[in-house]
Amino acid sequence: MSISTLTLNDGNKVPWMAFGTGTALFQQDAQNAVTTAIANGFTHLDGAQMYENEESLGAGIKESGMPRSALFVTTKLHRLQPDQTAKSALQVSLKMLGLDYVDLYLVHVPGHHTGQLKEVWKSMEECKREGLSKSIGVSNFEVEHLEEILEGAEFLPSVNQVEIHPYVWKSLQPVIAFHKQHNIVTSSFGGLSPLFRAPGGPLDPVIEKIRARLESTRGEPVSVGHVLNKWLEQNGILVVTTSSKADRMREYLDTANVPRLTAEEIESIENAGAQRHQKFFSN
């Protein structure tokens, strides 16, 4: 199953759905999960220095036998050690991953580089110029952080990865508007959190009604996860998700085959989400 792509502002293309090695795999050996994800159709793998499992991510890539050119690999910059730069940190990551380059390198948390964001971004740009990362971007950035690095930047961030689901959608509108203005791809993590971390909320009956309609239209099973992933897909968002189960991995990728939501359904999801503001992850 081929995964559709989004075009970044530097012209590179990124698969719209990624398998993440954080959350449940945080500080865990990710090799088997990564190999299983690739075997079941994932080509975009999202890692981070903070997850402390880049070595096993690299081992999973190697074990899969998939050509490097067929994969899109992301990693993210953690806190800098004394005398370390974003470039030297990436060189350590590449050694652990067993790769010559990554496709996307993100500044993971702006608060880790307070007062140094411009300097860090200059080093990120160096990584792009030298081909250590084909594209560069950020994660968990708000408008003021983006404005800070854009001033005098040679390259715009290609991606900003943030927690996105209907319970934060309303509060994210200034960030998303800024992304559209600068052609920055919005990437999400925690997209299914309302369903599994806060059941019984105002979103649940709306999602269930849409799920039943989609299942009837499709003539095949549709899950509540399908509905939220479809909502993200139709909003043009790059989705990072994870699971240790092969059938759940296939379900996520199957989102592409689920019928499209109507404009009214999208509006009903966003209206229900606006009734509750709740984040599930802290930076």
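Bear in mind that the values here come from a model prediction, so they are computed numbers and not experimental data. In what follows, residues are counted from 1 in the order of the sequence shown.
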Using only atom types and a distance under 3.5 Å, with no angle test, would you say the side chain of Asn40 pairs donor to acceptor with the backbone of Thr36? yes
Rounded distance (nearest 0.5 Å) linking atom OG of Ser64 with atom CD of Gln31: 10.0 Å
pair Leu90-Leu77: side-chain heavy atoms closer than 4.5 Å: no
Check whether any side-chain heavy atom of Val175 sits under 4.5 Å from a side-chain heavy atom of Val143, and report yes or no. yes
Is the distance between the ring centroids of His108 and Tyr51 under 6.0 Å? yes
Evaluation steps, side chain to side chain contact (heavy atoms under 4.5 Å, CB included), between Asn271 and Gln275: CA-CA 7 Å; Asn271 286 342; Gln275 294 174 40; 5.5 Å; no
Looking at Leu8 and Ser135, what are the two nearest heavy atoms and their distance? CD1-OG, 3.5 Å
Look up atom CD1 in Ile210 and atom CD in Glu215, then write down how far apart they are to the nearest 0.5 Å. 14.0 Å
Closest heavy-atom contact between Val206 and Ser268? CG1-OG, 3.5 Å
Assess whether atom NZ of Lys245 is packed by more than 12 heavy atoms of other residues, nucleotides or ligands within 6.0 Å. no
Could you tell me whether a side-chain N or O of Ser243 sits under 3.5 Å from a main-chain N or O of Arg248, the two making a donor and an acceptor? no
Check the pair Thr242, Phe19 against side chain to side chain contact (heavy atoms under 4.5 Å, CB included), reporting the backbone distance first and the verdict last. CA-CA 5 Å; Thr242 193; Phe19 180 79; 3.6 Å; yes
Which class fits the ring pair His145 and Phe141: parallel under 30°, tilted 30 to 60°, perpendicular over 60°? perpendicular
Could you tell me whether a side-chain N or O of Asn160 sits under 3.5 Å from a main-chain N or O of His179, the two making a donor and an acceptor? no
Does any part of the side chain of Asp10, heavy atoms only, come nearer than 4.5 Å to the side chain of Lys128, both counted from C-beta? yes
Would you say the side chain of Val102 lies within less than 4.5 Å of the side chain of Leu94, judging by non-hydrogen atoms? yes
Contacts of type side-chain hydrogen bond (donor to acceptor under 3.5 Å, both in side chains), residue Lys230, not counting sequence neighbours: Glu233
Would a single hydrophobic cluster contain both Val92 and Leu97, if residues Ile, Leu, Val, Met, Phe, Trp and Tyr are joined by side-chain heavy-atom contacts under 4.5 Å? no
Please report the closest heavy-atom contact between Met124 and Leu106, naming both atoms and the distance. CE-C, 3.8 Å
Please tabulate, for the side chains in residues 217-228, all donor-acceptor contacts under 3.5 angstrom to protein atoms that are two or more places apart in sequence or on a different chain.
from	atom 1	to	atom 2	distance (Å)
Thr217	OG1	Arg213	O	2.9
Thr217	OG1	Arg213	NH1	3.3
Arg218	NH1	Pro221	O	3.2
Arg218	NH1	Asp254	OD2	2.9
Arg218	NH2	Asp254	OD1	2.8
Arg218	NH2	Asp254	OD2	3.0
Ser223	OG	Gly225	N	3.3
Ser223	OG	His226	N	3.0
Ser223	OG	His226	ND1	3.3
Ser223	OG	Glu251	OE2	2.7
His226	ND1	Ser223	N	2.9
His226	NE2	Glu251	O	3.1
His226	NE2	Asp254	OD2	3.2

For Gln116, is there any backbone N or O sitting under 3.5 Å from a side-chain donor or acceptor partner on Glu119? no
Taking atom types as modelled, is there a side-chain donor on Glu148 or Trp121 under 3.5 Å from an acceptor on the other? no
Out of curiosity, does Leu80 fall in the hydrophobic cluster containing Met96 (side-chain heavy atoms, cut-off under 4.5 Å, transitive links)? no
Taking atom CD of Glu163 and atom OG of Ser171, what is their separation to the nearest 0.5 Å? 9.0 Å
Treating Ile, Leu, Val, Met, Phe, Trp and Tyr as nodes and any side-chain heavy-atom pair under 4.5 angstrom as an edge, say whether Tyr101 and Ile136 lie in one connected cluster. no
For the pair Phe42 and Thr241, evaluate side chain to side chain contact (heavy atoms under 4.5 Å, CB included) and give the outcome as yes or no after the intermediate values. CA-CA 11 Å; Phe42 277 94; Thr241 191; 4.2 Å; yes
Quick one: side chains of residues 193-205, donor-acceptor pairs under 3.5 Å with protein atoms, not counting sequence neighbours, listed by atom name and distance.
from	atom 1	to	atom 2	distance (Å)
Ser193	OG	Gly190	O	2.9
Asp204	OD2	Gly200	N	2.8

Nearest-0.5 Å distance, CD1 of residue Ile237 to NE2 of residue His165: 11.5 Å
Residues Leu232 and Gly191: closest non-hydrogen pair is CD1-CA, 4.1 Å
In Å and rounded to the nearest 0.5 Å, what is the NE2 to NE2 distance from His113 to His78? 9.0 Å
Could you pull out all residues at least two apart from Glu154 that satisfy side-chain hydrogen bond (donor to acceptor under 3.5 Å, both in side chains)? Arg129
Which residues share a ring pair (Phe, Tyr, Trp, His ring centres under 6.0 Å) with Trp16, sequence neighbours left out: none
Electrostatic pair Arg68-Asp103, nearest N-O below 4.0 angstrom: yes
Whether over 12 other heavy atoms sit under 6.0 Å from Glu55 CD: no
Working note: Ser56 + Val34, criterion side chain to side chain contact (heavy atoms under 4.5 Å, CB included); need CA distance, chi angles, decisive distance, verdict. CA-CA 8 Å; Ser56 61; Val34 167; over 6 Å; no
Any side-chain heavy atom of Met50 sitting closer than 4.5 Å to one from Lys76? no
Heavy atoms from other residues, nucleotides or ligands near CD of Glu151 exceed 12 (cutoff 6.0 Å): no
With Gln161 as partner, the option from Thr74, Asp46, Thr186 fulfilling side-chain hydrogen bond (donor to acceptor under 3.5 Å, both in side chains) is Asp46
May I ask you to test the Ile207-Ile269 pair for a side-chain heavy-atom distance under 4.5 Å? yes
Donor-acceptor pair, distance only, cut-off 3.5 Å: does the side chain of Asn9 make one with the backbone of Asn183? yes
If you look at every heavy atom in Gln173 and Trp169, which pair is closest and at what distance? NE2-O, 2.8 Å
In the structure I gave you, are the side-chain heavy atoms of Glu270 and Asn235 within less than 4.5 Å of one another anywhere? yes
More than 12 heavy atoms of other residues, nucleotides or ligands under 6.0 Å from CD of Gln91: is that the case? yes
Look at Glu126 together with Lys122 and state whether they make a salt bridge at an N to O cut-off of under 4.0 Å. no
Taking Ser123 for the side chain and Ala86 for the main chain, is one N or O donor matched with an acceptor at less than 3.5 Å? yes
The reported gap from CD in Glu52 to CG in Leu57 (rounded to nearest 0.5 angstrom) is 14.0 Å
Side chains of Ile149 and Pro157 in contact at under 4.5 Å (non-hydrogen atoms): yes
Would Val107 and Phe155 show up in the same hydrophobic cluster when neighbours are defined by side-chain heavy atoms closer than 4.5 Å? yes
Can you sort out the partners of Asp100 under side-chain contact (heavy atoms from CB on, under 4.5 Å), two or more places apart, ordered by chain and number? none
